[in-house]
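Both backbone and side-chain heavy atoms feed into the values below; hydrogens, waters and symmetry mates do not.
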Amino acid sequence: MSTKLKLYLGRKVVDSLHKYTQLTPSELQPLIQVGNNKDDGQTVELNLPLNVLENQLGVTNINEILKIQPDDIIKKIQLIKDRANRKISFEIEKGIFMKDVMENCAFPDLNVKPKKLVVEYSSPNVAKPFHFGHLRSTIIGNFISNLNMFLKNQVTRLNYLGDWGTQFGFIKVGVEDLKYTPEVIRKDPIKILYRCYVHANKLADKDPSILEKAKAEFTKLENGSEEDLRHWKDYMTYTKEELETTYNRLGVVFDVYNYESDYSAKGIQDVLEVLRKKNVIRKDKDGKEVAVVNERKVSVVKSDNTTLYLTRDIAAAIDRFKTYGFDRMYYVVENGQNDHFYALKDILSKMDMPWVHRLVHVKFGRIRGMSSRQGSAVFLQDILDQCRDIMIRKQVESPTTKAPISDGQAADILGVSCVIVNDLKQRRQKDYDFDWDRVLQVQGDTGIKLQYTHCRLCSLEKNSGATPARDCIPQMLEEPEVLILLKELARFHDVLYRANEQLEAQILVNYLFRLCNQINKAFKTLRIKGTDPDVASQRLLLFITAREVLRNGMSILGLRPLDQM
């Protein structure tokens, strides 16, 4: 459904309130939602919730709205009170609703005031496995970015790679001890550098001097040692190239890569001076510089003058606001980092940064039981390979497979779809258990269900023998199943608003599963082959509209819709 019908109702409401309100129709528009009245295939209701009108928008003279006179669009207005809520219900002329949904629901005009957003997500640590905390961050952050792009906001997708800190002193020690050459590292950088990191840590367990050596190596980096920085930049380049191969499989792209090393001690002296000048940080007795956050001491600068993750995040936030002037910056990071972001916002507030309230920590729970089938350390690429291979086997075993199996591309897209949908159908902040069989099952609410329904709709247009109508003629679509499906399509608008308000992908995932169910019910009764050509054209237009909504919803989730499988 377009905004036009909702804005029409919004104007009617605002006009009815006369001088009693400063509200505009565009403010009311996102509140007006498709009703859940009985699906008799005949009645269309759009509802305006009274609790929001009264409690949030300060509208008290509800009776004035009830005086709106019926017209060619509004058939009836009534006040509905039930246990769940109180609402004003507008019964809408069915034909106008049907035509509006068919013509406008796939690409609704949703945004009156576009915002500037920065979304920081994924942010893996260089030289460590891309673990599933980073996978969740990647999937959720990509969804938030895609959704806001669809809503016509200006989005900067930012990947902040962890490439700094004492751990990289350990890597240098490990590289030297295992005698890896740059040529060997380049062939498989993430696994080799991780191997060096693990090796150096094992050495440190037996010999405490290894820790001091690692710290000294990192201090050299912080102080700008040209030779060390040159090697480190090579590691970054190799690692970024490998990460981008994995991101490409996930359908994820970034506008900007930032690195923790961008905010090394040498480069952020101005920020440190502000912290000292405003007495936000002070020297502790052991030489560290600390801030007091919620009556707790938090380290900001180590006693050897090297920085910490928090220090670099303070500098990064300031730099990003200067660069992007964002209305919101989302940090898509797991629940366990809540204290870190509390400290970050508290310190920025004490630095008198007026935009600190624009920073939002988008929290998410952990995945439990995630490992390869062999139970070894998890590298995302290996997990995706396993998903692809399992999907190839399922394609081989299926008698209905239409996509070519030889190159594995369709199987890879199906496997990735399963991983993404399995993650996004969970409530964002809850931990959940990973189950291979549940993720990759063919039946039930999975990524395969969404892909299969989309392929079926593509096949319908190709094989039906009908030509889709250019315009909707409601009188040719009288079956109850038509209006039931159209109401579900009309809710796409409402679902996107709610999903963005809560930053909750599960809302959209559940909607797409419901939409697939309604599409499959409509398939059974709304035949196209062997039907009057004009009726067939109208029905095909309906199914193409459903396909476009499904495709858009899948794309927002981060899926690549297949045409055949």
Mind listing the side-chain donor-acceptor pairs of residues 343-352 below 3.5 Å, one per line with the distance, residues two or more places apart or on another chain?
residue : atom : partner : partner atom : Å
Lys345  : NZ   : Leu359  : O            : 3.0
Asp346  : OD2  : Lys350  : NZ           : 2.9
Lys350  : NZ   : Val292  : O            : 2.6
Asp352  : OD2  : Lys278  : NZ           : 3.0

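- Counting only N and O atoms by type, the side chains of Asn146 and Arg157 include a donor and acceptor under 3.5 Å apart.
- Ring geometry, Phe326 versus Trp355: the interplanar angle exceeds 60°, so the pair is classed perpendicular (tilted spans 30 to 60°).
- Under a 4.0 Å N-O distance rule, the pair Lys302/Asp304 does not qualify as a salt bridge.
- Under the ring-ring contact (aromatic ring centres under 6.0 Å, His included) criterion, Tyr330 pairs with no residue at all, not counting sequence neighbours.
- Shortest non-hydrogen contact noted between Tyr247 and Pro124 is OH-CD, 3.5 Å.
- Residues satisfying the ring-ring contact (aromatic ring centres under 6.0 Å, His included) criterion with Tyr180, sequence neighbours excluded, are absent altogether.
- Here Glu289 pairs with Arg276 in a salt bridge; the nearest charged N to carboxylate O distance falls below 4.0 Å.
- The residues Asp445 and Lys449 are annotated as salt-bridged, a charged nitrogen and a carboxylate oxygen being separated by less than 4.0 angstrom.
- Nearest heavy-atom pair, Glu217 versus Val173, reported as atom, atom and distance to 0.1 Å: CG-CG2, 4.5 Å.
- The neighbour count for Gln269 CD, taken as heavy atoms of other residues, nucleotides or ligands under 6.0 Å away, is above 12.
- Dense packing is recorded around CZ of Arg296, with more than 12 heavy atoms of other residues, nucleotides or ligands lying under 6.0 Å away.
- Tyr331 and Asp313 are not linked by any side-chain donor-acceptor pair at a separation below 3.5 angstrom, with hydrogens and angles left out of the test.
- Within the 4.5 Å cutoff, no side-chain heavy atoms of Met236 are placed close to those of Leu161.
- The distance from atom CG of Asp412 to atom CE of Met391, rounded to the nearest 0.5 Å, is 10.5 Å.
- Within a 6.0 Å radius of CZ in Arg366, no more than 12 heavy atoms belonging to other residues, nucleotides or ligands are found.
- Formation of a donor-acceptor pair under 3.5 Å by the Asn153 side chain with backbone atoms of Lys115 is found in this model.
- Note on residues 290-318: pairs passing ring pair (Phe, Tyr, Trp, His ring centres under 6.0 Å), not counting sequence neighbours, are Tyr309-His340.
- At least one side-chain heavy atom of Phe492 sits under 4.5 Å from a side-chain heavy atom of Leu508.
- Taking OG from Ser417 and CG from Asn422, the interatomic distance works out to 12.0 Å, rounded to the nearest 0.5 Å.
- The ring-ring contact (aromatic ring centres under 6.0 Å, His included) check on Tyr324 picks up nothing, with sequence neighbours excluded.
- Around NZ of Lys240, the count of heavy atoms belonging to other residues, nucleotides or ligands within 6.0 Å exceeds 12.
- Scanning for ring-ring contact (aromatic ring centres under 6.0 Å, His included) contacts around Phe170 gives an empty result, with sequence neighbours left out.
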